[in-house]
Amino acid sequence: MVKLNDNFFKLNESYLFSTTARKIREYAAANPDKPVIKMGIGDVTRPLIPQVAAAIAKAGEGMATKEGFHGYGDEQGEAFLQEAIKKYYLRIAGVTLKRNEIFISDGAKSDVANFTDLFSNDNIIVIPDPVYPVYLDSNMMLGRKIVFIEGNEANGFLPMPYEGLKGDIVYLCSPNNPTGAVYNRDQLKTWVDFANANGMIILFDAAYEAFISDSSLPRSIFEIEGARTCAVEFCSLSKTAGFTGTRCGYTVVPEDLVIDGHSLNKMWLRRQTTKYNGTSYVIQKGAEEVFSESGMAECMKNIEYYKENAGIMAKTMDELGIWYTGGINSPYIWLRCGMDSWEFFDMLLNEIQVAGTPGSGFGKCGEGYFRLTAFNTHENTLEAMQRFKKLLAK
């Protein structure tokens with residue numbers, strides 16, 4: 001008799017974004033004359049930059065030739081892309097990496113969930129609340145013990161370690177999804193020192209690092225002294241370069257990260273060569289262009305476009321006197337909605353045809369809050385905020 005993993009039955013029946021998508025589809029089907037402005041999920045609207053598209057096309061065409069054909073590649077990524085990322089880290093953060101510390105993937109979400117393959121299920125997992133659902137769900141699937149640390153208005157939704165906190169693995173995300181809050185150097189230094197002192201591993205999600213414009217804020221945890229012995233960093237090109245439809249990311253596992261004499265870098269390499277086929281060569285050629293100076297300069301134009309949208313939303317919140325985080329070094333606005341967050345979702349959808357994400361979907365500390373994303377057009381963002389102001393003016 002086959003036995004199922006009972007931990008799956010402890011999960012919510014539907015993934016958060018699947019639920020919001022279903023509600024939007026149902027509303028749209030019933031109201032075809034009332035198009036919905038979607039500001040809920042982090043799917044980009046700006047196209048790939050021409051430099052990236054050209055590299056993907058050239059690599060694709062080359063696959064039809066004897067000289068340009070590529071078969072199986074290294075599961076950990078092509079050397080040319082690892083080198084490009086190395087140079088990028090040095091250029092934007094002053095961080096020196098080794099090529100073998102960079103593992104190319106199909107996005108941060110997969111690696112964030114899969115990296116815990118390296119750890120025993122007996123570990124205690126420390127997760128901030130509110131939180132990006134994959135951190136929680138992937139560990140619940142394995143039946144691990146989870147300890148929550150609360151984000152709230154008092155700490156700016158940036159929870160910090162405290163005396164008596166017990167745990168083995170902690171997830172941090174900065175700029176944060178969903179709250180848009182960003183840890184400063186002193187705060188990350190506190191986390192790094194705490195992790196090293198207590199034998200803890202930090203799984204650091206830096207998927208939105210390119211949105212940081214304040215030079216005083218760290219874009220990589222490896223800018224912090226001591227991080228190489230306690231942290232792994234996950235990054236993605238989904239928002240940085242619009243790769244939501246092409247899929248590419250990378251994970252940095254320092255050689256210095258050793259537990260009980262075992263290298264996590266070597267363990268992750270072993271895991272990836274066993275359970276991951278590698279990222280498409282064609283896509284990696286496109287990603288290489290992202291990390292060139294000219295390519296990143298073009299990608300930053302798209303990021304600035306989204307940051308202008310975030311600014312439009314932040315200005316609206318200011319005008320309405322609504323408390324929020326994000327909107328400056330992040331593509332997210334996390335606002336206090338002052339009511340049940342799912343009721344707020346339904347109100348926006350039904351009355352002004354604007355869709356966001358209920359804060360309670362990110363954890364109990366998200367109740368009473370709501371997330372809006374900047375990944376839409378200027379025109380739609382302006383229209384949505386005009387509708388927002390009219391509704392709340394009532």
Side-chain angles (χ1 to χ4, degrees), residues 39 42-57 80-95 97 102 104 107-108 173-177 180-185 204-223 233-250 252 283-315 326-333 372-382:
M39 306 180 76
D43 197 2
V44 296
T45 53
R46 305 287 290 174
L48 296 173
I49 63 169
Q51 188 172 332
V52 167
I56 292 173
F80 60 77
L81 181 52
Q82 292 171 316
E83 287 291 339
I85 293 171
K86 266 184 59 179
K87 292 177 182 177
Y88 174 72
Y89 265 72
L90 188 60
R91 189 168 70 242
I92 62 101
V95 171
L97 298 176
I102 302 166
I104 311 303
C173 179
S174 182
N176 187 269
N177 179 12
V182 186
Y183 282 108
N184 62 35
R185 293 181 188 277
F204 189 77
D205 187 343
Y208 300 94
E209 57 82 15
F211 285 84
I212 295 178
S213 52
D214 184 343
S215 60
S216 71
L217 297 173
R219 293 176 63 172
S220 166
I221 197 167
F222 298 118
E223 295 179 49
E233 185 160 284
F234 306 89
C235 292
S236 168
L237 297 189
S238 291
K239 312 305 188 297
T240 301
F243 272 51
T244 53
T246 44
R247 309 305 307 148
C248 190
Y250 58 94
V252 179
I283 297 303
Q284 289 191 66
K285 289 301 293 183
E288 180 185 22
E289 293 300 318
V290 170
F291 291 105
S292 68
E293 292 194 44
S294 60
M296 185 53 65
E298 288 301 306
C299 287
M300 288 304 298
K301 293 179 182 178
N302 284 342
I303 289 175
E304 289 301 320
Y305 183 95
Y306 296 131
K307 289 171 70 173
E308 288 173 12
N309 285 345
I312 292 169
M313 293 189 292
K315 182 180 179 182
I328 300 174
N329 296 290
S330 164
Y332 297 118
I333 292 284
L372 295 173
T373 80
F375 298 114
N376 212 309
T377 64
H378 284 340
E379 295 76 15
N380 280 346
T381 303
L382 286 165

| note | Correct closest heavy-atom pair for P175 and I212 would be CG-CG1, 3.6 Å
| field | Considering all heavy atoms, the nearest I49-G295 contact | value | CD1-O, 3.4 Å
| field | Any side-chain heavy-atom pair of I283 and R247 under 4.5 Å | value | no
| task | Evaluate side chain to side chain donor-acceptor pair (under 3.5 Å) for R46 paired with T377, printing each intermediate quantity in order. | result | CA-CA 8 Å; R46 305 287 290 174; T377 64; over 6 Å; no
| field | Working for side chain to side chain contact (heavy atoms under 4.5 Å, CB included), residues L48 and I56 | value | CA-CA 10 Å; L48 296 173; I56 292 173; 4.2 Å; yes
| request: To the nearest 0.5 angstrom, please state how far the CG atom of L217 sits from the OG atom of S330. | output: 11.5 Å
| Nearest-0.5 Å distance that lies between atom OG1 in T240 and atom CE in M296 | 6.0 Å
| query | Any donor and acceptor pair, going by atom type alone, linking the side chain of E233 with main-chain N or O of V252 inside 3.5 Å? | reply | no
| query | Are any non-hydrogen side-chain atoms of S220 and F204 less than 4.5 angstrom apart? | reply | no
| If you measure from CG on L81 to CD on E83, what distance do you get to the nearest 0.5 Å? | 10.0 Å
| message | To check you understand the geometry: which heavy-atom pair defines the closest contact between A310 and G327, and what is its length? | response | CB-O, 3.7 Å
| field | From F243, Y88, F291, residue fulfilling ring-ring contact (aromatic ring centres under 6.0 Å, His included) relative to Y250 | value | F291
| Would you say the side-chain atoms of N329 pair up with the backbone N or O of D214, donor to acceptor, closer than 3.5 Å? | yes
| How far apart are the closest heavy atoms of S292 and Q51, and which atoms are they? | OG-NE2, 3.1 Å
| request: Could you grab the distance from atom CD of E209 to atom CD of E223, nearest 0.5 Å is fine? | output: 9.0 Å
| What pair of heavy atoms forms the shortest contact from N302 to P47, and how long is it? | ND2-O, 3.4 Å
| More than 12 foreign heavy atoms under 6.0 Å from CD1 of I328: is that the case here? | no
| task | Output yes when K285 and E288 qualify as a salt bridge under the 4.0 Å nitrogen-oxygen rule, no when they do not. | result | yes
| query | To the nearest 0.5 Å, what is the distance between OG1 (T381) and CZ (F375)? | reply | 11.0 Å
| Is the shortest heavy-atom distance from the side chain of C248 to the side chain of I104 under 4.5 Å? | yes
| Strictly under 6.0 Å, is that where the ring centroids of Y208 and Y332 end up? | yes
| request: Please work out whether the ring planes of H378 and Y305 are parallel, tilted or perpendicular, with thresholds of 30° and 60°. | output: parallel
| Between OG on residue S236 and CG on residue D205, distance to nearest 0.5 Å | 8.5 Å
| query | So which heavy atom on M313 is nearest to which on P331, and how close? | reply | CE-O, 4.5 Å
| query | For the side chain of Y306 and the backbone of T45, is there at least one donor-acceptor N/O pair under 3.5 Å apart? | reply | yes
| Does any N or O in the side chain of K239 come within less than 3.5 Å of the main-chain N or O of G42, such that one atom is a donor and the other an acceptor? | yes
